[in-house]
Amino acid sequence: MATACTLIPGDGIGPDITEATLAILEAAGASFDWDRQVAGAAGVEQKGTPMPDETIESIKRTRLALKGPLETPVGEGYRSVNVALRQTFDLYANVRPARDIVPGGRYDGVDIVLIRENTEGLYAGLEHYIRVGDDPQAAAESIALITRVGSDRVIRYAFEYALRHGRKKVTLVHKANILKYSQGLFRSVGQKIAKEYDGKVTYDERIVDACAMQLVIDPLKLDVIVTTNLFGDILSDLVSGLVGGLGMAPGANIGRDAAIFEAVHGTAPDIAGKGVANPSALLLAACLMLDHIGDRFRADRIRRAIESTIRGGEALTRDLGGTATTREFTEAVIKRLA
Ligand code: NAD
């Protein structure tokens, strides 16, 4: 039976990479009942708002969305739709797998999944200025809010993810040596949950600065990483950089009531409408979505086809050093679906 899914093609290169992704999903036999919706600049253009109610209602109904990049104006204009979606659906876990597919990168064999707490920590939005004398902005305070419930759900998700995907180890990344209360709470929740998975998933811990160094020196030692919001934000781009940058990076935002899958890159305005964008990141996000709904078989099939197309070196898009168009890359992947 077809799975109902909200589809937001997005802005800039979004529509091109979305069509490529749909063609490959169909060729692989994945069956979705797409509910096409708009957001971002397309939402403003067609419905007068970057986040139309119909789009929210659709995601509430399907609980699943595949989303192209959305334009967010810097400074003026509407606030980030991505942040609004995260808040509306309480998408507490951001999942960023990084696996080296593009040959000639810094390392061979990197295969890391970084799971970032996505709703609290230093990004909880609890900030204010402090007046001293006649200076209303003499100081500023941002509160890093860590809760037991928030820590529990994301760390538990990381262990369940490890189990489901046959991974061996979860590394909790923290700074509890300095932030003894907030980071200490996150760490102690991790230690408690780790006991429940004893014998099934190995648990270890790293202090964030040491982890950053290890990621650069010896990334093959890391498997699944779970960490708080700010550290996750920084480390997830670091791991993308280890495997060839954002062009190949998919992301998943997991909540209790919905899950939204997307490419990590933006709308690429410099190449929009030229038919030369690389659709791999959105396609890999669609594979994460297939994993999420339990269709590992097709997800792996598509991942193998992307990998062999790229490793084969033909039909590479410009960002990967080739000259192929989005369409040529798409056809090459479809041919390689085994
Ligand atoms: P960007 O990721 O759009 O582009 C950075 C560079 O990478 C550009 O040179 C672009 O051509 C290239 N690139 C990106 N994706 C590519 C692809 N699939 N194939 C080939 N080349 C690719 O970043 P930016 O220019 O900083 O942002 C542009 C817009 O996208 C902004 O409005 C920003 O707010 C938005 N954005 C949205 C999301 C999202 O919706 N998740 C994420 C990041 C940025």
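Both counts, for ligands and for their atoms, begin at 1 and track the order of listing.
- Proximity to Ala277 (heavy-atom distance under 4.0 Å) selects the following atoms of ligand 1: 19 (N).
- Taking any N or O of Ala268, backbone or side chain, at least one lies under 3.5 Å from an N or O belonging to ligand 1.
- Looking at ligand 1, you'll find an N or O of Thr267 within less than 3.5 Å of one of its N or O atoms.
- For Arg336 and Ser308, the side-chain atoms include at least one donor-acceptor pair closer than 3.5 Å.
- Atom numbering of ligand 1 starts at 1 in the shown order; those under 4.0 Å from a heavy atom of Ile13 are 15 (N), 16 (C), 17 (C), 18 (N).
- Contacts between Asn278 and ligand 1, counted as non-hydrogen atom pairs separated by less than 4.0 Å, involve both the backbone and the side chain.
- Neither side chain, Asn253 nor Arg86, offers a donor N or O lying under 3.5 Å from an acceptor on the other.
- The pair Arg148-Asp152 does not count as a salt bridge, with every side-chain nitrogen at least 4.0 angstrom from each carboxylate oxygen.
- The closest approach between a heavy atom of Val264 and any atom of ligand 1 is below 4.0 Å.
- Within the 4.0 Å heavy-atom cutoff, Lys67 counts among the residues contacting ligand 1.
- Considering each of Ile271, Leu70, Leu85, Ile17, the one bringing a non-hydrogen atom nearest atom 21 (N) of ligand 1 is Ile271.
- Atoms of ligand 1 lying under 4.0 Å from at least one heavy atom of Glu71, given by number and element, are 32 (O).
- A heavy-atom separation below 4.0 Å is found between Pro269 and ligand 1.
- Inspection of the Thr330 and Glu328 side chains reveals no N or O donor paired with an N or O acceptor under 3.5 Å.
- Arg327 CZ: 12 or fewer foreign heavy atoms inside a 6.0 Å radius.
- Looking only at atom types and distance, the side chain of Glu205 has a donor-acceptor partner in the side chain of Tyr203 under 3.5 Å away.
- Contact annotation: for Glu262 versus ligand 1, heavy atoms closer than 4.0 Å belong to the side chain alone.
- A centroid separation of less than 6.0 Å is found between the aromatic rings of Phe261 and His292.
- Residues Glu117 and Thr227 bring no donor and acceptor atom of their side chains to less than 3.5 Å of each other.
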